[in-house]
Engineer: 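Below you'll find the structure I mean.
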Protein chains: 2
Amino acid sequence: MKIIAIRSVPTDSNLLKLLNKRKVLHYIQRKDGHSRSDIAKALKLSKPTVSNIVDELLEEGWIREKESERASSAGGRKPFQIFFNENAAYIVGIDIGGTLVEIAIMNLAGKLISKTAFSTQKHVGNNFIQTIANYVNTLTEQNGLESSQLFGVGVGVPGITDVDSGIVIDAPSLSWKNVPLQSQLESLLSCPVYIDNDVNVAALGEYWKGAGRKNNNMIMITLGTGIGCGIIINGQLYRGASYAAGEIGYMVTDKDAADKKYEQTFSGYGFLDSHVGGPSIAKRMLNHAEKREEKWTAKKVFQMAIDGDQLALDTINDSLSHLSFALINVISIINPERVVLGGGISKSMHHFLPHITSTLEKHLPVQTDITITTVEDVSLLGAGYLILKEHESILKV
Amino acid sequence: MKIIAIRSVPTDSNLLKLLNKRKVLHYIQRKDGHSRSDIAKALKLSKPTVSNIVDELLEEGWIREKESERASSAGGRKPFQIFFNENAAYIVGIDIGGTLVEIAIMNLAGKLISKTAFSTQKHVGNNFIQTIANYVNTLTEQNGLESSQLFGVGVGVPGITDVDSGIVIDAPSLSWKNVPLQSQLESLLSCPVYIDNDVNVAALGEYWKGAGRKNNNMIMITLGTGIGCGIIINGQLYRGASYAAGEIGYMVTDKDAADKKYEQTFSGYGFLDSHVGGPSIAKRMLNHAEKREEKWTAKKVFQMAIDGDQLALDTINDSLSHLSFALINVISIINPERVVLGGGISKSMHHFLPHITSTLEKHLPVQTDITITTVEDVSLLGAGYLILKEHESILKV
DNA sequence: TTACAGTTAGTTAACCTTACTTACCAATCA
DNA sequence: TGATTGGTAAGTAAGGTTAACTAACTGTAA
């Protein structure tokens, strides 16, 4: 009779190993092509320990090794160079937007492999989550990947999400209330799923691949229908006590206006939303009698302002003035190294950025870099990065 | 000949031990009077491991044990109850204020043992740091303590401090620029010294002993000459990229006023400072011709407003309106569980608090507790807590 | 060309620390 | 006396360390 050993509960004794293993793997990700010896020296681990861990990582496929061409000029054995295997697994990033659901597959280094999309409004309320899962599966197959090669799926959702339970608390544009998106997708896709607010996901993307790459304290402000703000503090997303951190749409930059005129009851829409949001810009143009007939968009107003139309310019300036003071307020509280502006309106903003920064300089003594996002697919990348940030694995960052 | 064993470099193998030891000690701090067995069960450690750690902690004096009176009603051996030794060491908290330097000795549980103070202006610029050290030494002796019993010294400084290097970058009220306070005090007192901004220290005090006790995401706003804000995120002080987080004196709550009238160049004084700071309240009363002759203080204006003076009431209301919108802005960004108001003016504020919270409710959908500090010596306690938070020791929280 | 010293990379062997499991003793209740 | 609970002792496993070793290469001098 064969006695099968019951593996003892993996308690803390494994912790040290995992920590060291993670440390080694992260070092390899950062410094490609170094030897076991280099790693031991840099991480202050003994050579046998590193060798042992490296062997395991090789076995598991996370890394590759290659004999070096040349030894050191001082003599000695040729080292084996060790490289991170960026294609050891693949990540799916999903960005649920108001108009499009975008889905992408990327490798572990965040290199986009393939992308697809479908119309949100056409499918919402009609097996929506199942549709997402189908698109993910199709995309996986089309790229010749097994579902076992998927490391995880990250989703950005336009609404308030309880990240810990994986439930979308409220997403008006999808008519979702308390939808257990994470668990539903997990059972359909049989791989780990993590979800977060779209703004947070965009901030992560910018932190991973964008201007905020090296800024452990950075902020991403998204300008669109409303205004939102993703906060990265000490290299981690900060979500607040009730997942409402960065809801700067509720900010007030004009006491008198807020005291007297503003009597809005909430529907996820605050004072600042109604002063710098895209629709508010369009609406204010409409209110001027002489332009009443036209169908305005924020983009059009921006373009007219750049072209010299005084009314458009006044409108934009007023709106950007509110934005500038909002930035002052955010920066004075958070003191980030960098603020990245993103979202639909941001592309129209380059022309006005100097004006904004000069207002900041007038009111703030601290130096902060303000830039406009340049990253393509920042939300998709950020959604993917969610997996590396949140999923408990050797790759966790 | 006695051979003294050179202890091998404490590498990672000790890490796990330290972690477990810390875990056990924290458990004992939280749950006084439990047995070794209880601890093992609660922390999911084996009984021998806990016994081993407890023995070491007893040896080192951090804990005490006492044989229990009675065993469990189900029978069994009487347990040894284990208690945290709150007097295993003592902490010194120092609050350098504009008028007074306060110094206190407290035990490890934050119970104040003794307190002293001296005039800031009388000693500043004249062996100031040496004077502080002298007062600390005198206080220690007067309480029959050896300097070896001092676990550490925490200092709250009214200015911008580089917490990591221990240098006070700029403290206008002390005329300090780039003063290496930490290293100087350390060499005078020969025990670990940690320094931080006065507002951060107050926030820590409130987090340790005040209303924010159980709020891992809380904010303390201090109202005085200026307005400041200490931020605790995930149970840790957040200081920002350049130690300027929470400098909400620079916030702008009135776009038009800031655009048109406000042309202040900085001297550590921003828009909000000049609208809710104590001196600004006094100054605005002065500007009204009919009251020009009086010598105003913010406290006096508050009292007159409560007593029904219309002019005072208008002044206070305007100022508190700015404060309310500042609170809205802070909360919308940080989404804390609780905001604690402190500082000189806060005591006069109870009467107006309902008005503030009603403004918040009007503009914010999230629920946040707003309270006024009730803790005596909150800054001294916070300064002491700095040691437990920052100093690398078994007690580190 | 060959021998060999010097250097570096990586492995093997012996040992230390720490925590776990199992087994046991101690003390108490009913 | 049996059941139950608190605590200790002995043995084992896991993971890390040092020291010594093998492997492989560079450069120089006979």
Side-chain angles (χ1 to χ4, degrees), chain A residues 3 5-24 28 31 33-59 63 65-82 394, chain B residues 5-24 28 31 33-59 63 65-83 394:
Chain A
I3 295 173
I6 306 272
R7 209 189 166 311
S8 70
V9 192
T11 48
D12 274 348
S13 58
N14 300 20
L15 181 70
L16 191 52
K17 178 74 175 278
L18 178 66
L19 250 48
N20 282 337
K21 206 165 166 180
R22 215 176 251 173
K23 230 194 271 184
V24 169
I28 297 168
K31 313 235 174 181
H34 285 207
S35 69
R36 289 165 173 78
S37 228
D38 293 334
I39 297 170
K41 210 173 291 170
L43 301 182
K44 290 178 181 165
L45 292 168
S46 69
K47 291 200 285 174
T49 303
V50 171
S51 272
N52 189 2
I53 289 173
V54 164
D55 290 348
E56 281 187 31
L57 290 172
L58 277 168
E59 177 95 10
I63 57 176
E65 69 177 343
K66 195 185 92 184
E67 194 162 18
S68 180
E69 303 285 309
R70 287 193 45 74
S72 143
S73 67
R77 177 175 168 177
K78 279 188 295 198
F80 287 85
Q81 293 184 285
I82 298 169
I394 180 82
Chain B
I6 305 272
R7 209 185 168 315
S8 70
V9 190
T11 47
D12 274 347
S13 57
N14 300 20
L15 180 70
L16 194 51
K17 177 74 176 279
L18 178 65
L19 251 48
N20 281 337
K21 206 165 164 181
R22 216 176 251 173
K23 229 193 274 183
V24 169
I28 296 169
K31 312 236 174 182
H34 286 206
S35 70
R36 289 163 172 76
S37 223
D38 293 334
I39 297 170
K41 210 173 291 171
L43 300 182
K44 289 177 182 165
L45 292 168
S46 71
K47 291 198 284 174
T49 302
V50 172
S51 271
N52 187 7
I53 290 174
V54 164
D55 289 348
E56 281 187 30
L57 290 172
L58 278 169
E59 178 95 9
I63 58 177
E65 69 177 343
K66 193 186 91 183
E67 193 164 18
S68 181
E69 304 285 311
R70 288 193 44 75
S72 142
S73 66
R77 178 176 167 177
K78 278 188 296 196
F80 287 85
Q81 293 184 284
I82 297 169
F83 301 90
I394 182 81

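Just so it is clear: chains get the letters A, B, ... in the order the sequence lines come, proteins before strands, and each one is counted from 1.
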Engineer: How do Asn52(B) and Ser73(A) order along DNA chain D: which one's closest nucleotide is nearer the 5' end?
Structural biologist: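 On the 5' side of the pair lies Asn52(B).
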Engineer: Between Asn20(A) and Leu45(A), is the side-chain contact (heavy atoms from CB on, under 4.5 Å) condition met? List the steps.
Structural biologist: CA-CA 9 Å; Asn20(A) 282 337; Leu45(A) 292 168; 3.8 Å; yes
Engineer: Could you verify whether a donor N or O on one side chain and an acceptor N or O on the other, from Ser35(B) and Asp38(B), lie under 3.5 Å apart?
Structural biologist: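 Ser35(B) vs Asp38(B): donor-acceptor pair found between side chains.
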Engineer: From CG of Leu16(A) over to C1' of dA13(D), roughly how many Å is that when rounded to an integer?
Structural biologist: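 After rounding, the gap between these two atoms is 15 Å.
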Engineer: Take Arg77(A) and Ser46(A), find for each the nucleotide of DNA chain D with the closest heavy atom, and name the residue whose nucleotide sits nearer the 5' end.
Structural biologist: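 This one resolves to Ser46(A).
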Engineer: So, is Lys78(B) near the phosphate of dT28(C), with a side-chain N or O under 4.0 Å from OP1 or OP2?
Structural biologist: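 Yes.
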Engineer: Go nucleotide by nucleotide along DNA chain C from the 5' end; which of Asp55(A) and Leu18(B) gets its closest nucleotide reached first?
Structural biologist: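 The residue whose closest nucleotide sits nearer the 5' end is Asp55(A).
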Engineer: Please walk me through it: do Asn14(B) and Lys21(B) pass side-chain contact (heavy atoms from CB on, under 4.5 Å)?
Structural biologist: CA-CA 10 Å; Asn14(B) 300 20; Lys21(B) 206 165 164 181; over 6 Å; no
Engineer: Counting heavy atoms from C-beta on, name the nucleotide in dA27(C), dT17(D), dT26(D) closest to the side chain of Arg70(A).
Structural biologist: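 From the listed options, dT26(D) comes nearest.
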Engineer: Can a donor-acceptor pair under 3.5 Å be found between the side-chain atoms of Lys47(A) and the base atoms of dG10(C)?
Structural biologist: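 In this structure, the two groups form a donor-acceptor pair.
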Engineer: For DNA chain C, whose closest nucleotide is more 5', that of Glu56(B) or that of Ala74(B)?
Structural biologist: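 By nearest-heavy-atom nucleotide position, the 5'-most residue is Glu56(B).
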Engineer: Any idea which of dA19(C), dG10(C), dG7(D) is nearest the Ser35(B) side chain?
Structural biologist: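 So the side chain of Ser35(B) is nearest to dG7(D).
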Engineer: Between P on dA9(C) and NE2 on His34(A), what's the gap in Å once rounded to a whole number?
Structural biologist: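 The distance from NE2 of His34(A) to P of dA9(C) comes to 12 Å, rounded to the nearest Å.
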Engineer: Anything under 3.5 Å between a donor and an acceptor, one on a side chain of residues 67-82 of chain A, the other on a protein residue two or more places apart or in another chain? List them.
Structural biologist:
{"unit_1": "Ser68(A)", "atom_1": "OG", "unit_2": "Arg70(A)", "atom_2": "O", "d": "3.2"}
{"unit_1": "Ser72(A)", "atom_1": "OG", "unit_2": "Ala74(A)", "atom_2": "N", "d": "3.0"}
{"unit_1": "Gln81(A)", "atom_1": "NE2", "unit_2": "Gly33(A)", "atom_2": "O", "d": "3.2"}

Engineer: Please give, in whole Å, the distance from dA23(D) P to Arg36(A) CZ?
Structural biologist: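 Rounded to whole Å, this separation is 16 Å.
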Engineer: Remember a base hit wins even if backbone is also touched, and classify Pro48(B) as base, sugar-phosphate or nothing at under 4.0 Å, heavy atoms.
Structural biologist: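 The residue Pro48(B) makes base contact.
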